[in-house]
Protein chains: 2
Amino acid sequence: MGELSTTLNKLLDVAESSVRLRGYHAVSFRELADDLGIKSSSVHHYFPRKEDLAVALLRRYSDNFFTELEAQCEKLRAPNTRLSVHFKVYRESLVTTQKFCLCGMLGAESGGIPEVVGEAVSEFFKKNVAWVDEALPSSLSAADRNRKAQHIVAAMQGAMMMASSQKDFKIFDNIVRDLVATQEV
Amino acid sequence: MGELSTTLNKLLDVAESSVRLRGYHAVSFRELADDLGIKSSSVHHYFPRKEDLAVALLRRYSDNFFTELEAQCEKLRAPNTRLSVHFKVYRESLVTTQKFCLCGMLGAESGGIPEVVGEAVSEFFKKNVAWVDEALPSSLSAADRNRKAQHIVAAMQGAMMMASSQKDFKIFDNIVRDLVATQEV
DNA sequence: GTCTATAATTTGATAGAC
DNA sequence: GTCTATCAAATTATAGAC
């Protein structure tokens, strides 16, 4: 699984980590450069403006997320567990990285970030809701499925936010457990 | 009823609005001062450091929120509608101000803000969950009530975030509708 | 309580050498 | 692709006059 550890990849890694932890405006090119042992002008070589970096971050994050979703579904095979795969992938992302969702962070800050960045976040949520929608039983009406899908994504985002705010990741598990119970997944 | 329109109150108003819209690090004393037609040094007169302002903001926000919750409950009287009052008060806050919850914003950013500010946010969520917990039917076990309360608060936070990120406040209503349906409030 | 003045630092960004 | 050098602007503050 050739992990390319180029400067670009390391830059994206440290940038994603920083934004997920502290938010868009708390992260500076200088700081990212320091983390990599390069200069901030080198960061500008990859991403002329900060919003370019954020858009690249969102693109990679979204691609990884939906790819991982499908990969885990493939691995499990049983067709009715797609929703539990969604919970699992989110949980892994939260617990192993100890960080909030990139889109949850930028979604919260959407009133204060460049428009292209906010649009990419909005796209992620639309795709995410659509994915959950498809994973829901087709016996439900389209309107009910959509509402449920929005509810599930919102609850997980809120759960991650509260867990990371209170530095207690058990909060996330408790909320998902209740979510699963009420949705009868 | 005495709406005190002192400089201090106007400052808190504009600061709350700015932070809820754009986040902690996107807001500067200079900008707040400009909004009020004063100088940034005058803002420092009220709040020496930025974190002092944020803590004052959280204190006022939390006080207003729980006061409003009780006031609305008094007005309605029926003892079993406390949960719907919670939904209503949050909705009012979102829709009339067109802004995300102050604590949702700072909760997301909690990894990058001063510790005292993060602690105040965490306090708000603990109180909020406790309030919802008490509003839940006492027929439930304490553990179930707690999980459900966490779920409800998380879902509403996520709903507000997604609604404000996608600039579509109907998203909030849809999620709450499904939340109410599954909780059978 | 508000101002002027100022300071030290950081920030996002660019030009151009190697 | 990385660096040095530089910039203009912004940011968090402080000291002290009025």
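Fair warning: this is a prediction, and the values are worked out from it, not measured in the lab. Quick note on labels: first sequence line is chain A, next is B, and so on, each numbered from 1.
- Under the 30°/60° scheme for interplanar angles, the aromatic rings of A/Phe65 and A/His86 are found to stand perpendicular.
- Distance OH (A/Tyr46) to P (C/dG12): 19 Å, rounded to an integer number of Å.
- For D/dT2, one of the phosphate oxygens OP1 or OP2 lies less than 4.0 angstrom from a side-chain nitrogen or oxygen of A/Thr7.
- Following rounding to the nearest Å, A/Phe47 (CZ) and D/dT2 (P) show an atom-to-atom distance of 12 Å.
- Across the protein-nucleic acid pair, B/His25 atom NE2 and D/dA13 atom P stand 11 Å apart, rounded to whole Å.
- At C/dC3, one or more side-chain N or O atoms of B/Ser42 fall inside 4.0 Å of OP1 or OP2 (strictly under the cut-off).
- As judged by a 4.0 angstrom heavy-atom cut-off over every strand, A/Arg49 is placed among residues touching the sugar-phosphate backbone only.
- For the pair B/Glu51 CD and D/dT11 C1', the computed distance is 15 Å after rounding to whole Å.
- Here B/Asp173 does not pair with B/Lys170 in a salt bridge; the nearest charged N to carboxylate O distance is not below 4.0 Å.
- You'll find that the side chain of A/His45 is closest to D/dT2, out of C/dA13, D/dT2, D/dA13.
- Comparing D/dT14, C/dA13, D/dC3 against the side chain of B/Ser41 picks out D/dT14 as the nearest.
- Straight-line distance from the NE2 atom of B/His44 to the P atom of C/dT2: 14 Å, rounded to whole Å.
- Following chains of ILVMFWY side-chain contacts shorter than 4.5 Å, one can reach B/Ile171 starting from A/Met156, so the two form part of one hydrophobic cluster.
- A/Asp133 and A/Lys126 are not joined by a salt bridge, as no carboxylate oxygen comes within less than 4.0 angstrom of a charged side-chain nitrogen.
- Cation-pi geometry between A/Lys50 and A/Phe29 is not satisfied (NZ or CZ under 6.0 Å from the ring centre, within 45° of the ring normal).
- Rounded to whole Å, the distance from CD1 on B/Ile113 to C1' on D/dT11 is 18 Å.
- The interatomic distance linking B/Leu53 (CG) with D/dT11 (C1') rounds to 15 Å, in whole Å.
- Among the protein residues, A/Val27 comes within range of the sugar-phosphate backbone only, with heavy atoms under 4.0 Å from sugar or phosphate atoms but none that close to a base.
- Residue B/Lys39 places none of its side-chain N or O atoms closer than 4.0 Å to OP1 or OP2 of C/dC3.
- With distances taken from any side-chain atom of B/Arg30 to the nucleotides D/dT6, C/dT14, D/dT11, the minimum falls on D/dT11.
- Atom C1' of nucleotide D/dA9 and atom CG of B/Asp34 are separated by 14 Å, given to the nearest angstrom.
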